[in-house]
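Data block below; observations after.
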Amino acid sequence: MARKLNRGVAIVGAGMSKFGAFPDKNSRELLVEAFIEMMGSIDKGIDPKDIEAFYFGDAAGEAFEGQGHTAPIMGDWLGLLPIPCVRVENACASGSVAIRQAMLSIASGMHDIVLAGGAEKMSNLSTTRVTDTLADFTDVYSERSAGFTFPTAYASMATAYMAEYGARPEHFMMVGIKNHRNGALNPKAQFNSSILDIMNSKISKAKGKGGAIPTWKDEMDFLHDEGANPIVAWPMRLFDCSPISDGAACVLVVAEELVRRFTDSPLYIIGSGLASCGPLHDRDRLTSISAARVASQQAYEMAGVKPQDIQVAEVHDCFTIAELVAMEDIGFYEPGTAYKAVEEGATALDGPKPINPSGGLKSKGHPISASGAGQVVEIWHQLREEAGLRQVPIKNLRLGLTHNIGAHGSTCSINIFERR
Amino acid sequence: MARKLNRGVAIVGAGMSKFGAFPDKNSRELLVEAFIEMMGSIDKGIDPKDIEAFYFGDAAGEAFEGQGHTAPIMGDWLGLLPIPCVRVENACASGSVAIRQAMLSIASGMHDIVLAGGAEKMSNLSTTRVTDTLADFTDVYSERSAGFTFPTAYASMATAYMAEYGARPEHFMMVGIKNHRNGALNPKAQFNSSILDIMNSKISKAKGKGGAIPTWKDEMDFLHDEGANPIVAWPMRLFDCSPISDGAACVLVVAEELVRRFTDSPLYIIGSGLASCGPLHDRDRLTSISAARVASQQAYEMAGVKPQDIQVAEVHDCFTIAELVAMEDIGFYEPGTAYKAVEEGATALDGPKPINPSGGLKSKGHPISASGAGQVVEIWHQLREEAGLRQVPIKNLRLGLTHNIGAHGSTCSINIFERR
Amino acid sequence: MDKRPFTIASFDQFLAEGKFMGMKCSKCGAFRIPPKPMCSQCYSTELEWVEMTGKGTLSAYSCVAVGTTMMVEEGYDRKNLYCTGVISLEEGPRICAQIIGADSNNPESIKIGTPLKVGFVERGKGEERRTYLAFNP
Amino acid sequence: MDKRPFTIASFDQFLAEGKFMGMKCSKCGAFRIPPKPMCSQCYSTELEWVEMTGKGTLSAYSCVAVGTTMMVEEGYDRKNLYCTGVISLEEGPRICAQIIGADSNNPESIKIGTPLKVGFVERGKGEERRTYLAFNP
Ligand SMILES: [Zn+2]
Ligand SMILES: [Zn+2]
């Protein structure tokens with residue numbers, strides 16, 4: 001049954017920090033950067049004292065920075081006290097789940113103007129400790145005890161996907177190549193360069209040093225080189241994995257009656273879905289995330305649109321396999337066919353179904369709690385046709401979608417936006 | 001300005017596990033216990049498949065059990081998948097903030113029937129690691145770096161309170177004595193015995209062993225003995241502090257149109273307030289928590305009632321000083337007078353303003369994320385006059401309040417309930 | 001019939017005794033591994049312990065070069081990968097477990113559909129040492 | 001005028017140099033200690049570093065027997081309590097800090113209102129060793 005909210009809700013401002021590794025900045029300071037950009041993005045301005053509540057997505061502030069109870073602390077740094085500051089934790093979906101709670105709090109009549117976003121500061125920890133922290137999001141008594149890391153869970157889906165549909169590791173690599181190409185056009189991206197650029201820069205460096213010069217023929221050849229692109233959890237290699245990142249993103253969500261006070265080019269949240277599933281072994285299929293199918297179904301029904309109506313999407317490509325699974329789960333492609341679409345270039349920036357124009361988590365970076373909000377920031381720019389070099393070349397842009405996954409699919413949060 | 005929700009919301013079921021230290025049970029298993037009791041409390045029954053969403057309060061699952069992203073995992077254990085499962089983290093206020101999000105999600109029109117609650121499993125860790133975990137909720141860059149623990153923050157308020165109002169450590173002890181007396185009547189309480197009982201049992205044990213027999217004259221004498229009641233963070237001693245606990249609690253929240261399908265004796269949430277404040281040094285006063293004053297103001301305005309109308313309250317007595325500050329912040333007593341009210345017995349079970357009939361966090365136990373939901377479970381029993389030996393002897397019971405604090409006041413969540 | 005509570009603690013205790021026990025709902029027949037104190041299918045608390053045959057097939061896997069601290073401490077690293085995955089059990093349910101005795105350094109040699117048999121593996125140091133579920137080809 | 005960014009990293013760097021620096025908003029005059037990159041009063045980013053006199057009085061305190069790991073590693077325990085609290089600075093703002101040189105094992109001897117002067121304390125082992133703010137009677 002399609003749900004209708006008691007009040008319409010729209011986004012009237014969006015901002016993000018640069019994503020990357022910033023040793024001298026903590027998550028509070030990154031969130032202030034995102035907040036300042038968000039404030040500047042509100043066409044007709046706002047007095048921040050009018051913000052009535054703050055939903056803050058934070059997956060693991062305790063582990064990364066030794067700081068729990070982060071919502072009021074962030075509220076303090078943003079000058080928002082004493083308003084309600086609520087922390088939401090749904091692993092890597094925390095940012096978009098925060099935006100959903102903002103939407104619900106407005107539709108309820110409790111608030112009219114609500115800030116939502118996320119921030120994460122991951123680069124302080126060693127890779128092993130980051131691996132442990134992310135592994136905490138899998139089920140400690142079945143998956144973690146089996147030695148699962150985060151990449152392992154997706155890598156397992158990848159082997160099942162290859163066996164079931166005949167995809168090869170090269171198809172995963174193509175996703176990475178595409179997303180790096182997009183990220184090369186995004187100044188906020190952690191990897192602001194294509195894989196070809198990275199390869200060539202390594203060749204230049206080797207020449208500069210006067211040592212052995214690598215003989216990679218092309219990007220694919222580079223990605224097949226265990227030295228350049230080592231296995232993390234086979235078949236996922238380094239360039240199949242999103243990086244360890246610091247960053248923050250936030251949006252301002254308001255009630256429909258107030259929208260025009262802030263902008264004439266808002267993004268209405270016309271559909272929203274949220275669903276859960278159990279550990280990998282308890283799922284109906286190993287090549288699809290049921291939470292994503294359920295959540296997208298909810299969102300499409302609420303919005304009254306179909307997958308083919310969506311013009312641009314940001315999907316959760318924490319690993320390259322994840323983007324393929326996402327494209328199928330949200331109904332853009334039939335099960336087992338997404339890898340062919342990528343091979344054909346259908347999801348490139350200038351393809352018929354552009355996916356992750358921002359560069360995705362793979363290239364833009366994946367400060368886990370910020371990522372879901374960062375996806376919405378990208379859709380904000382794309383639908384308002386303010387995305388610069390990476391603007392998708394589609395006429396009459398109106399509908400965008402974000403697909404944000406928590407952990408390895410235990411949560412999926414889908415939002416559909418319409419520019420009006 | 002008083003807020004009105006777009007739809008009324010009521011509680012139609014409530015349950016909790018026993019609180020205590022349970023080495024062989026994890027938080028999932030404790031939540032199942034609470035859930036089963038909650039289901040049994042719904043007068044006309046329910047099919048759990050009708051539950052549409054789950055808000056789970058969890059302050060520190062990562063630290064206590066190595067498990068993050070706990071909401072969908074709990075949803076799995078409760079048989080609720082694939083519904084939306086959202087984790088809320090506002091330190092020790094997580095449980096009541098979860099209930100508030102359930103209320104908002106229903107008022108928004110998104111859901112009709114929502115489960116909310118919390119669970120924590122703290123007793124696995126050493127006292128030092130529990131101290132560290134709780135200290136993570138204070139501001140890491142100002143309070144934690146100054147060596148603040150959780151008790152330290154409240155102990156600092158206590159020294160300011162003593163200096164400003166002339167209270168003595170004995171007044172804090174009286175709060176503990178009162179709450180242990182109530183807890184002795186609560187079979188779910190971790191300390192199901194009065195301080196006098198505890199003292200006498202220690203005397204009996206000493207007699208049994210044939211060693212030196214303690215010569216405590218009365219409870220007060222016992223509490224003044226550094227051996228029996230050692231300093232934790234002066235002036236807070238062991239019996240001023242809530243214990244390290246395991247436990248879970250949950251409630252079922254439904255839209256007003258559906259209430260009679262479940263019970264003829266529901267608790268309407270007629271007022272709700274939530275507010276934040278900064279670290280201790282940035283607050284306007286050191287003897288009061290501004291977030292609690294703001295949140296209770298919001299809740300009273302929304303409910304259209306005054307502090308003197310509230311007949312029974314559960315307040316956040318993580319430390320004995322906290323109960324005194326709470327009583328003043330929610331307007332039951334003028335600043336600097338709550339300790340006199342306790343001295344006069346005004347807040348005892350049979351007093352004019354019974355506070356913490358359950359035994360409070362001090363005696364019932366404080367599994368941090370479950371505590372806020374546990375307070376609501378107590379108000380459910382009290383207002384429905386099902387509280388057994390600890391039923392407050394007030395005629396025409398109708399209005400109850402819960403006051404739930406996150407960390408040392410950075411969050412305060414107030415809810416006002418009316419039995420109709 | 002074993003009367004232990006349907007908890008993770010019991011499941012781990014069984015593993016330590018070399019037994020792979022599943023929880024089966026007496027009402028609807030659903031399996032849950034690891035166990036839950038209430039059937040997540042039909043909400044019944046009439047449950048029973050069933051000793052699993054331990055036979056199954058490999059449904060998904062990965063060979064891991066960058067492991068968690070627990071696995072790193074067991075000696076696994078970029079030169080010595082470990083294999084873990086999802087096993088479909090003869091009785092119907094699936095479970096995650098480490099696959100011992102697979103050629104983990106040659107991931108492409110491992111085939112989905114391979115028959116597996118339950119085994120057990122000990123990991124952890126000192127007091128933390130415990131028995132974990134594992135499978136062998 | 002010092003041009004360092006208004007971050008915790010800068011504040012800590014100053015502490016390591018033996019300087020107690022406050023962030024002051026050039027627009028509204030509000031102090032924030034530790035610093036924030038935006039004034040939480042008026043949202044201005046025109047900020048300045050001000051070296052604090054370091055004079056203040058004790059507004060709240062506790063003597064701690066059960067400390068965090070950091071303090072336990074410094075040798076504090078049930079027999080050797082440490083004092084920490086809230087100091088009201090001469091310039092107006094307050095701050096939390098350890099109180100060094102107070103008679104921590106006799107908590108009742110410590111008086112609210114006692115004048116204090118800034119000091120610094122080093123804590124932590126090896127690479128973790130850092131300078132923290134502290135005050136002395
Ligand atoms: Zn069943
Ligand atoms: Zn200012």
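A, B, ... follow the sequence lines: proteins, then strands. Residue 1 opens every chain.
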### Message
Is the shortest side-chain heavy-atom distance between B:Phe56 and A:Glu89 below 4.5 Å?
### Response
no
### Region of B:Val88 that comes under 4.5 Å of a non-hydrogen atom in chain A
both
### Query
Of all the residues in residues 57-64 of chain B, which have a heavy atom that comes within less than 4.5 Å of a heavy atom in chain A?
B:Ala59, B:Glu62
### Proximity breakdown for B:Gln101 and chain A, heavy-atom pairs closer than 4.5 Å
side chain
### Query
Which pairs pass salt bridge (charged side-chain N to carboxylate O under 4.0 Å, His left out) with one or both residues in residues 140-151 of chain B, sequence neighbours excluded?
B:Asp136-B:Arg144
### Query
Using a cut-off of under 4.5 Å for heavy-atom pairs, which of A:Leu134, A:Leu80, A:Leu104 has the most such pairs with chain B?
A:Leu104
### Task
Kindly write out the residues that satisfy salt bridge (Lys or Arg N to Asp or Glu O under 4.0 Å) with B:Glu29, not counting sequence neighbours, or none if the list is empty.
none
### Query
Within a strict 4.5 Å, meaning less than it, do heavy atoms of the A:Met302 and B:Met110 side chains meet?
yes
### Query
Looking at side-chain heavy atoms only, is the closest gap between B:Pro279 and A:Asp76 below 4.5 Å?
yes
### Query
Given a strict heavy-atom distance threshold of 4.5 Å, which part of B:Ser94 is in contact with chain A: side chain, backbone, both, or neither?
neither
### Task
Count the heavy-atom pairs under 4.5 Å between each of A:His111, A:Glu65, A:Met103 and chain B, then report the option with the highest count.
A:His111
### Summary
One option among B:Ser413, B:Gly68, B:Cys92, B:Ala71 has the most heavy-atom pairs under 4.5 Å with chain A, and it is B:Gly68
### Query
Heavy-atom distance under 4.5 Å between the side chains of A:Arg28 and B:Asp139, does that happen here?
yes
### Query
Under the ring-ring contact (aromatic ring centres under 6.0 Å, His included) test, which residues partner B:His316, sequence neighbours left out?
B:His366
### Query
When rounded to the nearest 0.5 angstrom, what is the spacing between CZ in B:Phe137 and CD in A:Gln67?
9.5 Å
### Any side-chain heavy-atom pair of A:Ser276 and B:Cys85 under 4.5 Å
yes
### Query
Quick one: CZ on A:Arg7 to OG on B:Ser108, what's the gap to the nearest 0.5 Å?
11.0 Å
### Close side-chain approach of B:Pro82 to A:Val294, heavy-atom, < 4.5 Å
yes
### Task
Side chain from CB out, backbone as N, CA, C, O: work out which of these in B:Ile73 comes under 4.5 Å of a heavy atom of chain A, or both, or neither.
side chain
### Query
A:Val97, A:Val86, A:Val9: which one forms the most heavy-atom pairs within less than 4.5 Å of chain B?
A:Val86
### Query
Taking A:Ala291, A:Gly406, A:Gly75 one by one, which has the highest count of heavy-atom pairs under 4.5 Å against chain B?
A:Gly406
### Query
Quick one: of A:Ile106, A:Thr133, A:Thr138, A:Val140, who has the most non-hydrogen atom pairs under 4.5 Å with chain B?
A:Val140
### Query
With a 4.5 Å heavy-atom cut-off, do B:Asn90 and A:His69 have their side chains touching?
yes
### Message
Testing the basics here: between A:Pro72 and B:Thr411, what is the closest heavy-atom pair and its distance to 0.1 Å?
### Response
CG-OG1, 3.7 Å
### Message
If I measure from the heavy atoms of chain A, does B:Ser290 come under 4.5 Å with its side chain, its backbone, both, or neither?
### Response
neither
### Query
So which of B:Thr70, B:Ile83, B:Asp132 has the largest heavy-atom pair count under 4.5 angstrom toward chain A?
B:Ile83
